[in-house]
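The structure follows.
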Amino acid sequence: MTTSLAGSSGYRLTKGRAVSEFYYNTKTKRIEEGSQSPAIELMGPYGTREEAQHALERAEERNEEWDEATEEWNEYYEDEDGSEEEEL
């Protein structure tokens with residue numbers, strides 16, 4: 001079981017012990033152990049420093065997956081004449 005500690009301590013409890021959380025700071029481009037900066041500048045939390053280091057790469061992968069899913073969705077809902085249905 002994982003439980004977050006109150007506040008921005010940067011730790012979570014896993015099986016009764018505190019474990020660090022890591023964040024990628026989009027402003028400084030650095031990894032932070034614990035939430036040290038304003039939330040708007042952070043991506044995370046991540047369980048390891050390495051996961052946080054790859055935050056932007058993972059976000060790009062997810063964006064590409066979502067773009068593909070959106071294309072599939074739009075193609076599915078096109079009218080027979082090739083135009084998209086009118087929004088209500």
Side-chain angles (χ1 to χ4, degrees):
M1 182 174 130
T2 301
T3 306
S4 290
L5 296 174
S8 60
S9 64
Y11 294 94
R12 66 182 188 280
L13 287 178
T14 302
K15 297 182 181 178
R17 65 183 185 93
V19 178
S20 293
E21 292 181 327
F22 298 90
Y23 295 82
Y24 179 80
N25 186 311
T26 59
K27 187 174 181 179
T28 65
K29 312 286 190 256
R30 294 178 184 219
I31 307 305
E32 297 180 4
E33 186 169 356
S35 178
Q36 301 170 23
S37 299
I40 197 156
E41 297 174 1
L42 301 177
M43 294 175 70
Y46 297 93
T48 66
R49 181 174 294 279
E50 183 176 356
E51 287 175 355
Q53 287 172 334
H54 297 287
L56 290 179
E57 294 166 17
R58 184 63 183 130
E60 180 62 31
E61 290 171 2
R62 288 182 177 161
N63 286 342
E64 290 173 7
E65 291 169 6
W66 293 334
D67 288 345
E68 290 173 11
T70 299
E71 279 184 43
E72 291 174 11
W73 176 272
N74 290 338
E75 288 172 6
Y76 181 82
Y77 285 101
E78 283 183 353
D79 287 336
E80 290 179 8
D81 65 1
S83 64
E84 292 184 22
E85 290 185 25
E86 228 178 89
E87 290 186 31
L88 299 175

Salt bridge (Lys or Arg N to Asp or Glu O under 4.0 Å) partners for K27, two or more places apart = E41
Who passes ring pair (Phe, Tyr, Trp, His ring centres under 6.0 Å) against W73, sequence neighbours left out?
-> Y77
The reported gap from CD in E21 to OG1 in T48 (rounded to nearest 0.5 angstrom) is 12.0 Å
Name all residues meeting the side chain to side chain contact (heavy atoms under 4.5 Å, CB included) criterion together with Q53; count only those two or more places apart in sequence or in a different chain, and write none if there are none.
-> I31, R49, E50
With sequence neighbours excluded, what pairs up with R30 under the side chain to side chain donor-acceptor pair (under 3.5 Å) test?
-> none
Using salt bridge (Lys or Arg N to Asp or Glu O under 4.0 Å) as the criterion, list what pairs up with E51, not counting sequence neighbours.
-> none
Decide yes or no for E32 and Y24: does some side-chain heavy atom of the first lie under 4.5 Å from some side-chain heavy atom of the second?
-> no
L56 side, atom CG; T26 side, atom OG1 - distance, nearest 0.5 Å = 8.0 Å
E65 and E68: CA distance, side-chain angles, deciding distance, side chain to side chain contact (heavy atoms under 4.5 Å, CB included) verdict | CA-CA 5 Å; E65 291 169 6; E68 290 173 11; 5.5 Å; no
Distance from Q36 atom CD to Y23 atom OH, nearest 0.5 Å?
-> 10.0 Å
Using side chain to side chain donor-acceptor pair (under 3.5 Å) as the criterion, list what pairs up with E71, not counting sequence neighbours.
-> none
Identify the heavy atoms of L42 and S35 that sit nearest to each other, and give their distance.
-> CD1-OG, 3.6 Å
Looking at E61, H54, E60, which one forms a side chain to side chain donor-acceptor pair (under 3.5 Å) with R58?
-> E61
